[in-house]
Every structure is written in structure tokens, then in C-alpha cells.
Amino acid sequence: MTELLTRPIPQRSEWLLTQAGVHPLLARLLAARGVTQPEDVQPKLAQLLPPEGMLGLATAARLLADAIVAGKRLLIVADYDCDGATACALGVRALRAFGAIVDYLVPDRFKLGYGLSPAVVELARQRRPDLLVTVDNGIASVEGVALAARYGLPVIVTDHHLPGDVLPPAAAIVDPNQKGCPFASKALSGVGVMFYVMLALRAELRRRGVFTDRPEPNLASLLDLVALGTVADVVPLDRNNRILVAEGLVRMRAGRLQPGVAALFAVAGRNVERASTFDLGFALGPRLNAAGRLADMGLGIECLITDDAARAMNLAQQLDAINRERRQIEASMQEEAEAYLEGLDVGDACSLTLFDPGWHQGIVGILAGRLKERHHRPTFAFAPDEDGTVLKGSGRSIPGLHLRDALDLIVKRHPGLLLRFGGHAAAAGASVPAARFDEFAAAFERVCRDLLDAESLEHRLLTDGALESAYYSLEVARLLESVVWGQGFPPPLFADRFEVLEQKLLKDKHLKLTLGRGGVRYEAMRFGCRDPLPARITAAFRLEVNEYQGLSSLRLGLEHLAPA
């Protein structure tokens with residue numbers, strides 16, 4: 001059962017925004033999301049937090065500048081998701097613009113695991129680098145960094161994940177979430193951290209007079225990569241991240257974007273002139289992530305670093321094909337998981353932990369997320385490694401349970417049960433011996449019972465209340481589409497009652513609807529719903545711009561519905 005709640009609206013903030021000329025509906029929505037000042041409605045790049053406040057940044061900039069001036073070889077060790085790919089591409093592009101000799105390495109996640117492991121260090125040494133730079137990983141790579149140090153190979157760690165009790169012995173660590181870092185935004189993505197590293201490096205090179213006889217590289221030209229990685233990694237869109245994403249979208253809409261990003265828009269069938277966070281999170285991001293899940297993220301990185309538009313399009317088409325395969329695998333796995341859950345009383349459980357020997361390691365995270373959304377329970381899904389002795393799982397959590405902390409508690413209660421683990425509050429990964437799967441499932445359930453109360457297990461959907469009749473328009477939908485929404489700054493979701501005038505099942509899994517309200521008819525869609533609806537419903541919905549055969553129209557996208 002889902003309970004619809006309405007966000008409170010601070011009246012004074014709403015009034016201030018309206019008085020400053022903000023559209024009345026937008027003023028209401030932004031005030032409900034904590035915006036109090038007119039200048040924060042569309043904050044500009046000049047308002048970005050300065051790099052000087054980030055621990056380790058100055059040291060990293062000096063080391064990189066020393067390496068560039070000395071002509072040393074740099075090697076970026078990337079991660080296999082969209083955030084890692086964009087961080088790597090940004091690093092390669094910026095460092096080459098600064099005159100660095102730089103290459104990259106993206107490990108095979110299935111053979112070498114996550115982060116700068118000892119095996120990855122051995123692989124990296126074959127490239128004969130003088131300095132390693134991790135992006136979107138490394139904060140937990142204590143053993144790997146220590147091995148690199150023994151080889152005399154310094155490592156600069158750039159990451160945004162939560163650190164463990166012991167930090168790696170790196171030459172420099174840049175991670176806003178490390179202890180003692182005063183940087184105000186803890187929500188930067190991996191590509192956001194790398195962008196700050198490049199800002200600091202440019203300032204260091206400027207101090208050394210490197211740009212005396214040549215122009216400084218314009219790092220703002222890389223903000224399309226920052227925006228893409230930030231949105232795709234689902235980090236909270238605090239004020240600082242909203243600036244980065246908004247500025248990236250402005251450049252995309254103006255046609256100032258990397259050839260690979262433009263190609264991804266094209267293969268996804270999205271209009272880059274109206275680029276939105278929805279496009280980044282649900283069209284471009286999944287196509288890059290699919291490479292890391294099923295194939296080689298090197299495809300995605302090459303797509304983002306090439307300046308050849310034809311090559312970028314060819315790579316984007318390959319990524320699109322991989323993503324179609326990913327969707328097919330995911331659909332099959334979800335059907336199997338749902339069939340398994342039909343025999344369980346989910347209502348009595350505080351968690352879900354599933355495993356199937358036929359599942360794919362690269363898809364279990366998506367599966368866990370889908371099941372978490374449907375059943376509102378912290379969920380882990382596991383797949384076997386190559387020899388079947390270890391299960392690799394990905395988890396997704398609900399508000400009220402910090403998933404990484406829950407795994408840390410399992411480690412303390414059951415030493416040796418987890419071979420590896422790491423992650424965030426909302427998402428985490430873990431590896432367990434195959435023979436101890438049931439033990440992990442029971443341990444995870446006990447931890448969830450200890451940390452979650454009954455209220456947390458009730459699904460509550462926060463909405464923006466009813467929408468005034470005058471705002472059911474294509475113009476308002478376009479206005480809302482132009483704003484940066486995302487994790488921690490959710491897109492508008494309205495709630496009201498409707499008559500169901502017409503309903504038609506499309507592709508045996510989606511409902512196309514005509515709804516009535518106040519004598520006016522509205523087109524609507526409910527994706528992933530096969531059951532016919534009653535004559536009257538209460539619905540939580542979004543205003544959407546529906547593009548079809550060159551025409552634009554208003555559509556209501558239904559997120560939740562129940563009999564009225």
C-alpha cells in the first residue's frame with residue numbers, strides 16, 4: 001500500500017521567489033525543495049564552490065604539474081560505470097590539453113573486480129607509467145596502492161565513495177568524503193571530483209607560467225561530461241551539483257558538446273536542443289553503463305574522447321546495441337525474480353536477497369533496483385563468478401537504511417562472511433562465498449530488522465499536491481523540463497483524481513489512457529501496467545512533453561495510481 005503525501009511549502013520562500021519574477025508554479029516547487037533565494041533558482045558557474053576547500057587537491061595538482069613538466073607518463077585507472085567513464089574521458093581530454101602524456105586503463109570488472117586491486121596494479125605496470133591516477137575508485141584500494149608504492153609507482157586517488165577505516169597509502173587523496181575534508185559539498189560524483197582536480201591543476205600550471213605563450217584550456221568545454229556522469233551516478237543534486245549539471249546542459253543545448261555525447265543523443269533518438277536530466281539519466285547513461293555491464297567500458301570511453309564524429313557515431317551505435325541486449329537480459333531476470341517472489345510473503349520480510357545461477361553479474365544492480373522500487377524493501381541480487389565459488393551481489397536500499405553501514409555491521413557480527421564490500425547509503429556491492437549465501441541472507445534480514453522501523457517499511461510517495469487547471473499545458477511542461485531535477489531534488493510529481501475515459505494496452509505491457517478532469521480530457525501513459533483500471537482513479541503524475549511524428553503534445557506520465 002502506497003500513501004501519497006504532500007510536500008510542505010515554506011510560504012516566505014515561495015513569496016520571495018514569486019516577487020523576484022519566478023513563475024508561480026516553479027516558485028512553489030522550488031520552495032518546497034529548499035530553494036530560498038532568487039539567485040539559487042538558476043545558479044551560475046561563478047557561484048561554484050572554490051577548489052581551495054578540498055583536502056588533497058593542492059598536493060595532487062603539484063604532483064600532476066611536476067609530471068607534465070617532466071614529460072612523465074600518466075595512466076588513468078578508470079571505473080566501469082558512466083561516472084567512471086566520463087571522469088576518465090574528462091581527465092584524458094584535460095590532461096592532453098595541458099600537454100600531458102596520458103593513457104587510460106579500464107579493468108575487466110568480472111576478472112579483476114572493483115578498484116585499484118593488486119591485479120590491476122600488475123596490469124597497469126605493463127604500460128610502464130610513471131604515475132597512476134584513479135578516477136571514481138581507489139579510496140578502498142589499500143592493498144593495491146600499497147603494492148604500487150612498493151614498486152615505486154606513486155598513485156593519486158580521486159574518488160567520491162565513502163572511505164573505510166584505513167586510507168590507502170597514496171601520494172595524494174582527493175575525496176570530499178574523506179575525514180577532515182572541509183569541502184562543503186559531499187555529493188560530488190567521480191567526474192565532479194576529477195573536474196575539480198583539473199581546475200586545481202590549471203591554476204598550478206598558471207602559477208608556473210606554462211600558459212605564458214599559449215592559451216589556457218577552457219575546462220568549461222568539458223561540462224557536458226560532468227553533467228552526464230553526475231546525473232547518471234544518481235548523486236544528490238545539491239546546489240553545487242545543480243550548477244555543474246545546469247551549465248553542462250546549457251552547453252549541450254547550444255551544440256557545444258563532445259562528438260561522442262552528440263552521437264549518444266542521436267542513437268537514443270533524443271533532441272539535444274532540449275537536453276534534460278531525463279535524457280542523461282535514462283537515455284545516455286544506460287547506454288554507457290551497458291558497456292561496463294556486458295562488454296568493455298573502453299568502448300564508452302573511446303566514444304567520449306574521440307574527436308572524429310564518424311567514429312563517435314560508430315561507437316555510439318555499438319553501445320546502443322549492447323544496451324538493447326542489456327534490456328533483454330534484465331527483463332528475463334526480472335521475470336525470474338518476480339516468479340520467485342510470488343512464493344514469498346514479502347510483507348513480513350524486512351529485506352529481499354535473491355540469487356540465480358543463470359543471472360549476469362552486470363545486471364544484478366539494475367534488478368535489485370527494480371525489485372526495491374516495486375516492493376519497498378532493501379534488496380540484494382547475486383550472480384555467480386566465473387567458477388561459481390563466489391557470489392557477487394549488488395544492493396539497493398530505501399530511506400532509513402544506510403546500505404554500506406548495514407554491510408559494515410554484518411562484517412562485525414559475522415567475520416569472514418563478506419569477502420569484499422563497499423558503496424553508498426542507497427547502493428552497495430558485496431561478494432560472499434557461494435556456500436554461505438543463506439547465511440548472508442539471514443544476516444542481512446536481521447540487520448534490516450534491527451535498523452528499520454515499521455514506518456520506514458511503509459511506502460510513502462511525496463508529491464507536490466494538486467495542479468491548478470491553468471497549468472495543465474505544454475508550455476508549463478516545457479518550463480519544468482528546462483529545470484535541473486534529480487536525486488535529492490526530485491522532479492515535480494502532482495496528485496489528483498481523474499475519470500478513466502479510455503484505456504488501451506500497448507505491446508502487452510503499457511496502458512495508454514485518456515483521463516478526464518473538470519470536463520477536460522488529457523492523454524496519459526502508465527508504463528509497466530497491464531491490468532485494466534477502474535472508472536475513477538487517484539494518480540500521482542508528471543507533466544511530460546510527448547514527441548510523436550514531429551509534433552509535441554502534453555501527456556501525463558502516471559507514476560502511481562489507485563482506485564479513487
Side-chain angles (χ1 to χ4, degrees), residues 1-7 9 24-26 28-29 32 269 276 278 281-283 327 330-331 334-335 338-339 341-342 346-347 369-376 458-481 483 485 490-564:
M1 183 68 179
T2 299
E3 180 182 4
L4 298 183
L5 302 176
T6 301
R7 284 188 182 84
I9 305 168
L25 175 61
L26 194 54
R28 183 181 108 199
L29 297 171
S276 68
F278 179 89
F282 294 95
R327 286 202 298 261
E330 177 193 339
Q334 188 164 346
E335 287 182 7
E338 291 293 350
L341 289 173
E342 284 180 4
V346 176
R370 296 278 193 270
L371 295 175
K372 182 268 296 185
E373 289 296 326
R374 177 167 298 190
H375 299 286
H376 195 67
E458 294 295 329
H459 190 205
R460 290 175 171 82
L461 191 59
L462 205 54
T463 77
D464 294 289
L467 181 66
E468 294 89 332
S469 297
Y471 296 147
Y472 282 83
S473 71
L474 183 61
E475 292 71 27
V476 171
R478 288 200 188 281
L479 171 68
L480 299 183
E481 189 182 62
V483 178
W485 311 102
L493 183 67
F494 306 102
D496 215 327
R497 294 183 178 184
F498 298 91
E499 294 180 71
V500 179
L501 304 178
E502 298 175 12
Q503 51 185 309
K504 178 182 178 181
L505 188 61
L506 301 180
K507 298 181 180 180
D508 197 35
K509 57 182 178 180
H510 309 306
L511 278 180
K512 182 180 180 182
L513 305 162
T514 301
L515 304 180
R517 177 184 171 276
V520 182
R521 297 165 66 94
Y522 301 103
E523 298 304 309
M525 282 292 295
R526 172 59 167 163
F527 291 98
C529 180
R530 300 177 181 178
D531 300 329
L533 304 184
R536 291 176 176 81
I537 60 171
T538 295
F541 64 95
R542 306 190 192 281
L543 294 185
E544 297 179 346
V545 178
N546 182 38
E547 303 280 358
Y548 183 68
Q549 294 185 344
L551 298 176
S552 301
S553 61
L554 176 69
R555 184 174 70 187
L556 309 186
L558 305 189
E559 296 288 317
H560 167 79
L561 54 86

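Quick note: numbers below take in every heavy atom, side chains included, and nothing from hydrogens, waters or symmetry partners. Keep in mind that what you see is a predicted model, and the values were worked out from it rather than measured.
Tyr472 places a side-chain heavy atom less than 4.5 Å from the side chain of Leu467. Looking only at side-chain heavy atoms (C-beta outward), Thr463 and Leu5 stay at 4.5 Å or farther from each other. In this structure, Pro491 and Phe278 have side chains that are not in contact, with every pair of non-hydrogen atoms separated by 4.5 Å or more. Between Phe494 and Leu25, the closest side-chain pair of non-hydrogen atoms falls below 4.5 Å. Glu330 is listed as a side-chain neighbour of Arg370, based on a closest heavy-atom distance under 4.5 Å. Two residues are said to be in side-chain contact when any heavy atoms from C-beta on lie closer than 4.5 Å; Cys529 and Lys509 fail this criterion. Side-chain contact check for Leu533 versus Leu511: some heavy-atom pair is nearer than 4.5 Å.
Annotation for Ala540 and Leu461: closest pair CB-CD2, 3.9 Å, computed over non-hydrogen atoms. Nearest heavy-atom pair across Val545 and Ala477 is CG2-CB, 3.9 Å.
Scanning for side-chain hydrogen bond (donor to acceptor under 3.5 Å, both in side chains) contacts around Glu3 gives Arg460, with sequence neighbours left out. Residues satisfying the salt bridge (charged side-chain N to carboxylate O under 4.0 Å, His left out) test with Arg526, not counting sequence neighbours, are none. Legend: residues meeting salt bridge (charged side-chain N to carboxylate O under 4.0 Å, His left out) with Glu468, ordered by chain and number and at least two apart, are Arg28. Taking His375 as the reference, nothing meets the ring pair (Phe, Tyr, Trp, His ring centres under 6.0 Å) condition, with sequence neighbours excluded. Residues passing the side-chain contact (heavy atoms from CB on, under 4.5 Å) test with Arg7, sequence neighbours excluded: Ala32, Arg33, Leu462, Asp464, Pro490.
Sparse packing is recorded around CZ of Phe282, with 12 or fewer heavy atoms of other residues, nucleotides or ligands lying under 6.0 Å away.
To the nearest 0.5 Å, atoms CD (Gln503) and CD1 (Ile537) are separated by 9.0 Å. Residue Asp496 holds its CG atom at 6.0 Å from CZ of Phe541, rounded to the nearest 0.5 Å. The structure places CG of Leu501 at 10.0 Å from CG of Leu513, a figure rounded to the nearest 0.5 Å. From Thr514, atom OG1 reaches atom CZ of Phe498 across 12.5 Å, with rounding to the nearest 0.5 Å. The NZ atom of Lys512 sits 12.0 Å away from atom NZ of Lys507, with the distance rounded to the nearest 0.5 Å. How far OH of Tyr548 is from CD of Glu523: 12.5 Å, rounded to the nearest 0.5 Å.
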Please tabulate, for the side chains in residues 551-564, all donor-acceptor contacts under 3.5 angstrom to protein atoms that are two or more places apart in sequence or on a different chain.
from, atom 1, to, atom 2, distance (Å)
Ser552, OG, Arg478, NH2, 3.0
Ser552, OG, Glu547, OE1, 2.8
Ser552, OG, Glu547, OE2, 3.1
Arg555, NE, Glu544, OE1, 3.2
Arg555, NH1, Asn546, OD1, 3.2
Arg555, NH2, Glu544, OE1, 3.3
Glu559, OE2, Arg542, NE, 3.4

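With hydrogens and angles disregarded, a donor-acceptor distance shorter than 3.5 Å links the side chain of Trp485 to the backbone of Leu480.
For the side chain to side chain contact (heavy atoms under 4.5 Å, CB included) with His510, the qualifying choice from Lys504, Met525, Arg530 is Met525, the only one to do so.
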